[in-house]
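So the structure is just underneath, and the comments pick up after that.
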Amino acid sequence: MRGIERMRGRAKYFLTLGLVVLLSGYSYRDAVAADNDWPRHGRDSDETNFSPLAQIDTGNVKTLGLAWFVDLPGETSLEATPIEVDGIVYFSGAYGKVYAVDGANGKVLWTYDPEVWKHNPAKMHLNFSVSRGVAYADGHIFLATLDSRLQALDATTGKLLWSVETTPHDSKYFITGAPRVFNDKVIIGNAGGDLGTRGYVTAYDQKAGKQDWRFYTAPGSPEENRGDPAMERAAATWKGEYWKTGTGGSVWDSITFDAKLNRIYIGTGNGGPTNAETRSPGGGDNLYTAAIVALDADTGKYIWHYQQNPHDTWDFDCTQQMTLAEVTIDGKPHDVVMQAPKNGFFYVIDRNNGKLLSAEKIGKVTWAERIDIATGRPVEAPNMRYKTGDSVLWPNPTGAHSWEAMSYSPKTGLVYIPYMQNGVRFYKGAPQPGDFDNFGISIGSVRTSPEDGKGALLAWDPVGQKARWKVQHDVIMNGGTLSTAGDLVFQGTADGYFTGYDAATGKRLWRFNAGLGIISPPISYELGGKQYVSILVGYGGSAAVGSDVMSVGWKWGAPRRLLTFAIGGSAKLPPSPPPDMRVHALDDPNFVFSAADARAGKELYMQCVLCHGRDLAPSGGPAPDLRESAVPLDAESFWATVHDGALLTAGMPQFQDITREQLNQLRAYIRAGARAALARQQNDGSSSDK
């Protein structure tokens, strides 16, 4: 029966495609957009994250129930946008592990593990283990691994078809973003700009994995730039010997294909090092960092760019989702690219020529007064570049909006944005407690109002450039959004709830307790005449680094799952531990250490922050709270885990250069933290402690 359903679905698809092409001249992209699958990262190449399905609507969403779920043992942070093709749901987990699941019942059909721990374990030190999804084309599943391999799998069997290393093996590049497909190519960027790498994107042939073209997002040495107009133009905007200290500009997430104009848009990251005066002393815009760049899809040649943050010095990436649409402005239709990047403005740009049409603040933004429409440049507020002292500004480097997907509904004309509000204090000098030393600067979180440290779901009018409604959340980390033709918006949040809202008003119509925080976006597809909504549940990612505001009490080891809903669904989740802010610290009174060892251990712990959390508080991230772990209590167990790599295959990196003395210092810092937590609980009788 499943085979017959798929044949009927394909026949319906090709009949629809033929009629669309013959009767209206629409493109292949538009026919896909009318289908019932979710074949791309944002469902269509315009990356709208909008489903045309309307079986689930504002009238019956209250009867939405869990249809099935899949437990994902061993997974940690789940940030991927699943895709669904011909009744099969594909998604990626930690380090790029791929799952293929029956979309009707949740049966796992196959899995593929790229085994980063075996191929290039050194890359496991560079970032927490996340992957934002896979791509599909012509029977192939494409994935990008943390260690920077791009791989093609057989969509039916999961068999590896080809694999290519997209960055130098012994480098500080890594990949967390999802590949995109277009024409007969697959494209991928990379991360590592904060470590000084030079960003680029590469397009490969889908069939054999042969490199087709590559575009660098920042210039190289004078010899490398010579004869390349785009790089020579960029080099003129840099100062000093920038190619020796690093340039950044990584395309670590968003890449959008414009089928109408046959272009690729890439969103570039901040310059690296972050401090602009360190990487380019004396000024310069530092092209093409913190920008949107348009490239010819066939050749990768530069067409235009729009830079949102010239000479960026605040880690204001522009790698956030770029959504394509046709909107009417002053009575005239415009083909636009829309983006809500980290810096807190919503940009509407003419994608024919890169001209800025409008830009307004989506929330609390103090680093700039406005964007000058005539020049396209920000009008910066005074003393925002921490040259003469402290600079306090909003938003912080996490961004007013980051990688979490926004959605655009052509029915309502609104963009639904996962918004975050938190300030930051930049200052030069030695780091203060809890701060990170970032290439000669330090940063600390700032909150001055009740909404600071919290997030919201924002319905934004891109033409009127104003909010139509806003749902305030109690937690700052909130997942990506899905909007549908049923006039609904779905979003998961850090507190563990998956919620459906009225797309026109923001009224909450339905809610489900997922048992763990959510950061990924949902998708929707139709199979066997039934509409489904699916979402990955796995809190983590940057929550560990931002544990001062992102901790909501989730413990490491809580069950990670794929949840799928339908009208009338009646499946039940097994009970799972509720949020718990208490530190269940372990201790051994016979363990004696000095304050000097604990201080030295704190410095060593900076290598552990990405996974185990800021100030030993992991926020339910990709690794356990070491104060609650028995492993550091035993010297030999700790040595085997950290130095020998006993848990390497489970995702714990191996630190072969660490010494016994350093490991004992690290143990001292962990015990000091555990005892401090126990003492606070005993002194104030508190049931919670960070």
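Under the 3.5 Å distance criterion, the side-chain polar atoms of Trp304 are matched with a main-chain donor or acceptor of Arg351. Remark: side-chain polar atoms of Arg40 are paired, donor with acceptor, to backbone N or O of Val181 under 3.5 angstrom. Counting only distance, with no hydrogens or angles, the side chain of Thr313 and the backbone of Ala276 share a donor-acceptor pair below 3.5 Å. In this structure a side-chain-to-backbone donor-acceptor pair under 3.5 Å is missing from Gln421 to Pro395. Thr278 places no side-chain N or O within 3.5 Å of a backbone atom of Pro273 that could act as its donor or acceptor partner. Judged purely by atom type and a 3.5 angstrom limit, Trp238 uses its side chain to pair as donor or acceptor with the backbone of Leu287. Of the possible donor and acceptor atoms, one in the side chain of Thr412 sits under 3.5 Å from a partner among the backbone N and O of Leu414. Put simply, the side chain of Thr217 never gets that close to the backbone of Thr268: no donor and acceptor are under 3.5 Å apart. Judged by distance alone, the side chain of Ser391 and the main-chain N or O of Tyr386 form a donor-acceptor pair under 3.5 Å. Remark: side-chain polar atoms of Tyr95 are not paired, donor with acceptor, to backbone N or O of Met124 under 3.5 angstrom.
Under the 3.5 Å distance criterion, with hydrogens and angles disregarded, no donor-acceptor pair is assigned to the side chains of Trp403 and Gln321. Of the N and O atoms on the side chains of Thr398 and Lys342, not one donor lies less than 3.5 Å from an acceptor on the other residue. For Asn286 and Ser280, the side-chain atoms include at least one donor-acceptor pair closer than 3.5 Å. Between the side chains of Asp298 and Asn262, at least one donor N or O sits under 3.5 Å from an acceptor N or O. In the model, Ser92 has a side-chain atom that pairs as donor or acceptor with a side-chain atom of Ser131 under 3.5 Å. Side chains of Gln320 and Ser254: a donor-acceptor N/O pair is absent below 3.5 angstrom, by distance only. Counting only N and O atoms by type, the side chains of Trp243 and Asn225 include no donor and acceptor under 3.5 Å apart.
For Arg233, there are no salt bridge (charged side-chain N to carboxylate O under 4.0 Å, His left out) partners at least two apart in sequence or on another chain. For the salt bridge (charged side-chain N to carboxylate O under 4.0 Å, His left out) test, no residue two or more places apart in sequence or in another chain qualifies with Lys332. In this structure, Ser51 has no side-chain hydrogen bond (donor to acceptor under 3.5 Å, both in side chains) partners at least two apart in sequence or on a different chain. Legend: residues meeting side-chain hydrogen bond (donor to acceptor under 3.5 Å, both in side chains) with Asp205, ordered by chain and number and at least two apart, are absent. With sequence neighbours excluded, no residue forms a salt bridge (charged side-chain N to carboxylate O under 4.0 Å, His left out) with Arg279. Partners of Asp350 under the salt bridge (charged side-chain N to carboxylate O under 4.0 Å, His left out) rule, at least two apart in sequence or in another chain, do not exist in this structure. The side-chain hydrogen bond (donor to acceptor under 3.5 Å, both in side chains) search around Ser524 returns Gln531, not counting sequence neighbours. Not counting sequence neighbours, the partners of Tyr525 by the ring pair (Phe, Tyr, Trp, His ring centres under 6.0 Å) test are Tyr532. Asp147 is linked by a side-chain hydrogen bond (donor to acceptor under 3.5 Å, both in side chains) to His119, Thr145, Arg149, counting only residues two or more places apart in sequence or in another chain.
Within the 6.0 Å centre-distance limit, the rings of Phe316 and Trp367 are counted as a close aromatic pair.
Using a 30° and 60° split on the angle between ring planes, Phe142 and His140 fall in the parallel class, below 30°.
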* **Check against side-chain hydrogen bond (donor to acceptor under 3.5 Å, both in side chains), Trp252 and Asp317** => CA-CA 9 Å; Trp252 56 263; Asp317 289 328; 3.1 Å; yes

* Asked: What do the steps show when you test Asp194 against Thr274 for side chain to side chain contact (heavy atoms under 4.5 Å, CB included), and what is the final call?
  -> CA-CA 7 Å; Asp194 291 327; Thr274 301; 4.0 Å; yes

* Give the C-alpha distance, both sets of side-chain angles, the deciding distance and a yes or no for side chain to side chain contact (heavy atoms under 4.5 Å, CB included) between Tyr419 and Glu451. => CA-CA 11 Å; Tyr419 169 72; Glu451 292 186 357; 5.8 Å; no

* Asked: Can Arg377 and Asp285 be said to form a salt bridge (charged side-chain N to carboxylate O under 4.0 Å, His left out), step by step?
  -> CA-CA 11 Å; Arg377 300 176 72 89; Asp285 284 354; 3.0 Å; yes

* Could you go through the side chain to side chain contact (heavy atoms under 4.5 Å, CB included) check for Thr176 and Leu146 one step at a time? => CA-CA 6 Å; Thr176 58; Leu146 187 77; 4.1 Å; yes

* To do: Start with the C-alpha gap between Thr167 and Ser148, add the side-chain angles, then the distance that decides, and say whether side-chain hydrogen bond (donor to acceptor under 3.5 Å, both in side chains) holds.
  => CA-CA 6 Å; Thr167 69; Ser148 300; 3.2 Å; yes

* Asked: How far apart are the C-alpha atoms of Trp38 and Leu482, what are their side-chain angles, what is the distance that settles it, and do they pass the side chain to side chain contact (heavy atoms under 4.5 Å, CB included) test?
  -> CA-CA 12 Å; Trp38 192 285; Leu482 159 71; 3.5 Å; yes

* **Steps toward side-chain hydrogen bond (donor to acceptor under 3.5 Å, both in side chains) verdict (Glu404, Asn478)** => CA-CA 8 Å; Glu404 298 89 350; Asn478 53 119; over 6 Å; no

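Among all heavy-atom pairs drawn from Val348 and Leu356, the shortest one is O-CD1, 3.7 Å. Phe346 and Pro462 get closest at one heavy-atom pair: CE2-CB, 3.7 Å.
Applying the side-chain hydrogen bond (donor to acceptor under 3.5 Å, both in side chains) test between His311 and each of Glu277, Glu380, Arg385 identifies Glu277 as the sole match.
Sorted by first and then second residue, the salt bridge (charged side-chain N to carboxylate O under 4.0 Å, His left out) pairs with a member in residues 363-376 read Lys364-Asp452, Arg370-Asp372; sequence neighbours excluded. Here ring-ring contact (aromatic ring centres under 6.0 Å, His included) pairs that include residues 178-204, with residues two or more places apart or in two chains, are Tyr173-Tyr200, Phe182-Phe257, Tyr200-Tyr216. Judged as a salt bridge (charged side-chain N to carboxylate O under 4.0 Å, His left out), the pairs with a partner in residues 172-187 (not counting sequence neighbours) are, in order, Glu47-Arg180, Lys185-Asp212.
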